[in-house]
Trainee: 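Structure in structure tokens, see below.
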Amino acid sequence: MTISQAVDALRRGEVIGLPTETVYGLAADASNPEAVKRIFELKGRPADHPVIVHLASADELAAWAVDVPEAAHRLAAAFWPGPLTLILRKAAHVLDLVTGGQDTVGIRVPRHPVAQEVLRAFGGALAAPSANRFGRVSPTRRAHVLAEFGDALPIVLEGGDCEVGLESTIVDLSREGDARILRPGVLGRAALESILGPITSGATSESPRAAGTLASHYAPSTPVELVGALDPDRENVRVLTLGPVPAGYRGISLGRDPAVYGKALYAALRELDAEGAEALLVEAPPAEPAWEAVRDRLTRAATR
Ligand code: TXA
Ligand code: MG
């Protein structure tokens with residue numbers, strides 16, 4: 001499958017599987033309501049959940065958002081292209097299907113070379129949620145997307161293993177003077193604060209809705225338990241550890257480097273989930289800022 005075949009499909013209003021540096025996305029023309037509707041059908045996602053608009057460069061921001069604050073320009077200059085989504089006030093033409101009927105739009109400029117190439121050749125914006133069925137673990141390699149959708153998604157571009165492996169950091173800048181992290185990511189608070197000064201995190205009742213902020217999300221079928229120590233009496237379990245997998249257990253060690261761990265986490269969850277064990281015991285990573293995004297996803301995976 002070539003880039004130009006994928007772009008032709010997008011022009012016909014089809015949905016494609018697209019690699020980004022965070023996770024693979026289900027991409028379609030953000031200006032075509034039928035195409036965006038098809039994303040929701042494929043994902044099985046409720047229609048009131050907004051999707052992120054992907055642009056080739058920050059230069060296109062003015063076509064999709066209005067009242068863009070100075071803070072957004074500063075973050076864009078520092079971190080785009082990259083794993084950062086900004087929530088801004090939407091331009092009038094942005095489809096309700098894209099915004100979930102809200103007056104805000106989520107915008108991101110991905111840096112994966114394949115995503116960049118597709119966006120530039122397509123010449124427009126791509127609406128793209130993660131390429132998993134609603135509520136399931138996000139895909140970080142092409143084979144994961146094929147496993148989720150099979151024949152229902154004929155075009156999935158190859159982009160290798162995602163470099164980041166966890167979804168983008170979402171920062172809400174839609175309300176003046178209140179920058180807020182709605183979804184933690186590998187681009188952490190310290191990096192954001194180095195540009196903006198102190199920011200808050202966590203949604204308020206007024207925050208735009210974010211699906212990734214549902215308590216239970218990113219969940220494998222096997223029940224996940226976050227544990228301080230592994231229980232030697234548990235049978236038919238798999239483990240996900242920081243240090244080596246102890247004798248007598250079956251599982252995967254992801255190590256003690258949060259970037260390496262985050263990159264490999266979703267593939268490991270999928271692999272262990274496929275073994276049909278009774279539970280997946282996950283050794284809780286340290287409560288440190290560098291682990292925030294990983295801990296966030298593990299906490300959600302353990303919530304049901
Ligand atoms: O890294 C990522 O962000 C990936 C890749 C494909 O770019 N995309 C992704 O999309 O994670 P998705 O749909 O799985 O999660 C997007 C999150 C959701 O929690 C959604 O609610 C939130 O972004 N979002 C999108 N537009 C929004 C808006 N206008 N207001 C609030 N949240 C928004
Ligand atoms: Mg998702």
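In each ligand, atom 1 is the first atom listed, and ligand 1 is the first ligand listed.
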Trainee: Kindly check if the number of other-residue, nucleotide or ligand heavy atoms within 6.0 Å of CZ (Arg74) is above 12?
Mentor: yes
Trainee: Would you list the pairs meeting salt bridge (Lys or Arg N to Asp or Glu O under 4.0 Å) in which at least one residue belongs to residues 235-249, sequence neighbours left out?
Mentor: Arg238-Glu275
Trainee: For ligand 1, which atoms sit closer than 4.0 Å to a heavy atom of Gly25?
Mentor: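 Selected atoms, number and element: 6 (C).
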Trainee: Any salt bridge linking Arg300 with Asp296? Criterion: basic side-chain nitrogen under 4.0 Å from a carboxylate oxygen.
Mentor: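 Yes, charged N to carboxylate O under 4.0 Å.
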Trainee: Could you check whether any heavy atom of Lys90 sits closer than 4.0 Å to an atom of ligand 1, since that is the contact criterion I want to use?
Mentor: no
Trainee: Measure Leu18 to ligand 1 on non-hydrogen atoms and call it side chain, backbone, both or neither using the 4.0 Å cut-off.
Mentor: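 The answer is neither; Leu18 stays 4.0 Å or more away.
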Trainee: With atoms numbered from 1 as shown, which atoms in ligand 1 lie under 4.0 angstrom from a non-hydrogen atom of Ile170?
Mentor: 17 (C), 22 (C), 23 (O)
Trainee: Inspect the contact between Arg234 and Glu225 and indicate whether a charged nitrogen and a carboxylate oxygen are less than 4.0 angstrom apart.
Mentor: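 Yes.
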Trainee: Could you pull out all residues at least two apart from Gln116 that satisfy side chain to side chain donor-acceptor pair (under 3.5 Å)?
Mentor: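 Per chain and number, Gln116 pairs via side chain to side chain donor-acceptor pair (under 3.5 Å) with Arg120.
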Trainee: Indicate the atoms forming the closest heavy-atom contact of Pro81 with Pro110, along with that distance.
Mentor: CB-O, 3.4 Å
Trainee: Please find the pair of heavy atoms, one from Ala284 and one from Leu242, that lie closest to each other, and give the distance.
Mentor: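 Minimum heavy-atom contact is O-CD1, 3.7 Å.
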Trainee: Where do Val109 and Ala56 come nearest, in terms of heavy atoms and distance?
Mentor: CG1-O, 3.4 Å
Trainee: For ligand 1, which atoms, with element, lie under 4.0 Å from some heavy atom of Thr104?
Mentor: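 So the answer, numbered in order with elements, is 28 (C), 29 (N), 30 (N).
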Trainee: Using a 4.0 Å heavy-atom cut-off, say whether Arg45 meets ligand 1 through its side chain, its backbone, both or neither.
Mentor: side chain
Trainee: Within the structure, does Tyr24 bring an N/O atom to less than 3.5 angstrom of an N/O atom in ligand 1?
Mentor: no
Trainee: Which atoms of ligand 1 have any heavy atom of Gly106 under 4.0 Å away?
Mentor: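 Those atoms are 26 (N), 29 (N).
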Trainee: Near Glu167, which atoms of ligand 1 are under 4.0 Å from a heavy atom of that residue?
Mentor: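 In order of number, 1 (O), 11 (O).
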Trainee: Using distance alone, decide if ligand 1 has a nitrogen or oxygen within less than 3.5 Å of any nitrogen or oxygen in Ser168.
Mentor: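 In this structure, Ser168 places an N or O atom under 3.5 Å from an N or O of ligand 1.
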Trainee: Any atom of ligand 1 sitting under 4.0 Å from a heavy atom of Arg108?
Mentor: yes
Trainee: Please give me the minimum heavy-atom distance between Ala28 and Val15, naming the atom from each residue.
Mentor: CB-CG2, 4.1 Å
Trainee: Any N or O of Thr99 that comes nearer than 3.5 Å to an N or O of ligand 1?
Mentor: no
Trainee: Is it true that His49 and Phe134 have ring centroids separated by less than 6.0 Å?
Mentor: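 Between His49 and Phe134, the centre distance is under 6.0 Å.
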Trainee: Can you tell me if, anywhere in Asn132, an N/O/S atom lies at a distance from the Mg ion (ligand 2) that is smaller than 2.8 Å?
Mentor: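 Within the cut-off used here (under 2.8 Å), Asn132 places no N, O or S atom near the Mg ion (ligand 2).
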Trainee: Pull out every atom of ligand 1 sitting under 4.0 Å from any heavy atom of Ile87, numbered as shown with elements.
Mentor: 27 (C), 28 (C), 30 (N), 31 (C), 32 (N), 33 (C)
Trainee: Using a 4.0 Å cut-off to any heavy atom of Val105, which atoms of ligand 1 qualify?
Mentor: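 Every atom of ligand 1 under 4.0 Å from some heavy atom of Val105: 29 (N).
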